[in-house]
Amino acid sequence: MKVKREISNGKVKPEEDGDKYGDEDEKEDRAAQSLLNKLIRSNLVNTTNQVEVLQRDPNSPLYSVKSFEELRLRPPLLQGVYAMGFNRPSRIQENALPMMLAAPPQNLIAQSQSGTGKTAAFVLAMLTHVNPENKWTQCLCLSPTYELALQTGKVIEHMGQFYPEVKLAYAIRGSRRLERGQKVQEQIVIGTPGTLLDWCLKLKFIDPKKITVFVLDEADVMIATQGHQDQSIRIQRMLTKDCQMLLFSATFEDSVWSFAQRIIPDPNIIKLKREEETLDTIKQYYVQCSSKEEKFSALCNIYGAITIAQAMIFCHTRRTANWLAGQLTKEGHQVALLSGEMTVEQRAAVIQRFRQGKEKVLITTNVCSRGIDVTQVSVVINFDLPLDKDGNPDNETYLHRIGRTGRFGKRGLAVNMVDSKYSMDILLSIQDHFNKKIKKLDTDDIDEIEKIAN
Ligand SMILES: Nc1ncnc2c1ncn2[C@@H]1O[C@H](COP(=O)(O)OP(=O)(O)OP(=O)(O)O)[C@@H](O)[C@H]1O
């Protein structure tokens with residue numbers, strides 16, 4: 001049976017082949033996205049944007065550092081920083097590190113997109129502030145999930161490799177068998193809010209009055225999880241007013257902002273704008289088809305006519321993605337598929353192989369693709385156009401799929417597959433939104449396809 005569904009702007013959308021629009025089980029999971037970003041990232045994200053700094057005390061000197069030497073780190077820490085391959089502070093670190101390492105300690109709220117060096121910055125602050133002679137917990141770091149805590153833990157271990165006197169413990173559910181009333185001896189404890197709250201309050205493994213540095217990482221991911229906000233605030237209330245409090249977030253929507261201000265008293269604030277994506281360097285086309293089979297043959301025609309180094313193909317559902325992967329494989333293409341049932345580690349492995357050029361085509365659904373950097377991809381195919389959960393055109397996702405950041409972006413080619421009046425309306429709406437012409441492409445005309453590659 002063909003089901004019809006109203007969408008909010010009054011258009012009617014037919015269900016595609018009985019496939020549900022939007023996989024129910026592919027809900028966006030911010031913690032998984034963030035972990036994926038960390039697993040696939042190998043470098044600092046380059047940015048040319050200026051840092052915005054708001055000081056708690058406008059009279060105190062505002063300075064930034066251009067080298068790690070200027071910070072007068074303990075020698076084993078400086079050695080650790082260099083062993084990680086860092087030559088100089090990243091843009092956000094230039095301003096954040098002097099504030100975090102200042103005496104007396106200053107509180108900080110810092111926001112910058114993922115990959116800009118926040119974790120490395122607060123890890124360095126924690127390692128600098130602990131006193132290894134004191135065998136009790138002095139730094140608490142709150143992470144939204146166990147997996148994210150482990151990633152941060154690895155950075156602590158890496159940076160602290162020449163400073164073995166400092167020990168690290170994970171506060172993860174079921175991780176510790178201390179007697180009630182006994183205390184954790186490790187100077188740094190990293191964990192999820194629920195378990196850390198238990199360790200401080202119920203089990204008393206940690207004396208919160210002895211904490212000198214409190215870090216709340218990934219605040220945006222944190223508040224997306226039920227209960228984490230309250231647990232974090234309850235932990236923070238047990239700390240002394242001399243404890244340094246630091247909060248980090250990749251995004252800064254209102255909810256993150258109000259949480260940050262509730263939990264960090266008298267903060268300095270550092271913000272780094274993300275590079276804006278643009279469609280200016282992208283040639284956009286659409287192909288008119290009447291079914292998914294026709295879309296597939298249009299795709300084959302494009303592949304037959306032009307040389308495509310690497311392409312990403314977006315489908316709306318897992319089912320279409322699987323089908324398309326099968327068809328392209330039959331045609332002899334080496335295809336990688338990202339799909340919702342994969343674990344984060346499996347997805348990271350697929351993305352890494354693709355980035356190394358082991359496969360030339362990556363097929364993916366929307367949710368899986370967030371966090372993939374498309375700069376190396378020369379062609380993006382929207383096998384299905386991006387829709388939000390109500391079935392309306394999703395302009396932001398369109399931009400994210402095919403856009404490039406101005407300064408670093410190479411030229412790109414985007415081809416949109418249209419197979420109904422409904423999808424044509426979506427395309428026109430996206431075209432209007434960006435005020436950038438999406439030209440029609442006749443994929444039966446080889447000459448015409450060849451031209452788009454030039
Ligand atoms: N000063 C630096 N020089 C070179 N590389 C750096 C520097 N600081 C951090 N990096 C590296 O850049 C990458 C991103 O850094 P980091 O994980 O600290 O960023 P982040 O902003 O915390 O990102 P996320 O929010 O995803 O954790 C890591 O691979 C890290 O080792």
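Whatever order the structure lists ligands and atoms in, that order sets their numbers, starting from 1.
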Under 4.0 Å from one or more heavy atoms of Arg88, ligand 1 contributes atoms 1 (N), 2 (C), 3 (N)

Atoms of ligand 1 under 4.0 Å from any heavy atom of Ser114, numbered from 1 in the order shown, are 23 (O), 24 (P), 25 (O), 26 (O)

Near Glu396 CD, under 6.0 Å, is it more than 12 heavy atoms from other residues, nucleotides or ligands? no

Notebook entry, point to check: Measuring to protein heavy atoms, does anything land under 4.0 Å from atom 13 (C) of ligand 1?
Noted result: yes

N/O separation below 3.5 Å, Gly115 to ligand 1:
yes

State plainly whether the residues Arg30 and Glu253 are in salt-bridge range, i.e. N to O under 4.0 Å. yes

Can you find a non-hydrogen atom of Ala250 under 4.0 Å from ligand 1? no

Checklist entry - Does Phe68 come within less than 4.0 Å of ligand 1, judged by its heavy atoms? => result yes

Ranked by distance from atom 29 (O) of ligand 1, the top protein heavy atom is Ser42 O, 4.0 Å

Closest to atom 19 (O) of ligand 1 among protein heavy atoms sits Gly117 N, 2.9 Å

One should read off an interatomic distance between Asp217 CG and Thr119 OG1, to the nearest 0.5 angstrom, of 5.0 Å

Parallel, tilted or perpendicular for Trp257 and Phe252, by the 30°/60° rule?
perpendicular

| field | Pro89 N/O under 3.5 Å from ligand 1 N/O | value | no

Notebook entry, point to check: Going by the angle between their ring planes, with limits at 30° and 60°, are Tyr82 and Phe68 parallel, tilted or perpendicular?
Noted result: perpendicular

Taken to the nearest 0.5 Å, the spacing of Asn49 CG from Thr116 OG1 works out to 11.0 Å

- [ ] Return a yes/no value for Lys118: is any of its N or O atoms, backbone included, closer than 3.5 angstrom to an N or O of ligand 1?
- [x] yes

protein heavy-atom neighbour closest to atom 22 (O) of ligand 1 works out as Thr119 OG1, 2.5 Å

Cation-pi check, Lys209 to Trp136: give yes when NZ or CZ is under 6.0 Å from the six-membered ring centre and within 45° of the ring axis, no otherwise.
no

(message) Taking NZ in Lys135 as the centre, count heavy atoms belonging to other residues, nucleotides or ligands within less than 6.0 Å. Is the count above 12?
(response) yes

Thr116 heavy atoms within 4.0 Å reach ligand 1 at atoms 19 (O), 20 (P), 21 (O)

Problem - Asn37 to ligand 1, any heavy atom closer than 4.0 Å - result: no

If you scan protein heavy atoms around atom 2 (C) of ligand 1, the nearest is Phe86 CG, 3.5 Å

Nearest heavy-atom approach of His129 to Leu101 is NE2-CA, 4.1 Å

Ranked by distance from atom 8 (N) of ligand 1, the top protein heavy atom is Gln93 NE2, 3.0 Å

Interatomic distance, CD1@Ile264 vs CG@Leu246, rounded to 0.5 Å, equals 7.0 Å

Closest non-hydrogen atoms of Tyr303 and Ala311, given as atom of the first, atom of the second and distance, are OH-CB, 3.4 Å

Give a yes/no verdict on whether any heavy atom in Ser34 is under 4.0 Å from an atom of ligand 1.
no

If you scan protein heavy atoms around atom 18 (O) of ligand 1, the nearest is Ala120 N, 3.0 Å

From the list Val189, Asp207, Leu203, side-chain contact (heavy atoms from CB on, under 4.5 Å) with Val184 holds only for Val189

Per-atom filter on ligand 1: closer than 4.0 angstrom to a heavy atom of Ser90 are 1 (N)

Atom 27 (O) of ligand 1 sits nearest the protein heavy atom Lys38 NZ, 2.2 Å

Min heavy-atom dist Gln151 to ligand 1 below 4.0 Å = no

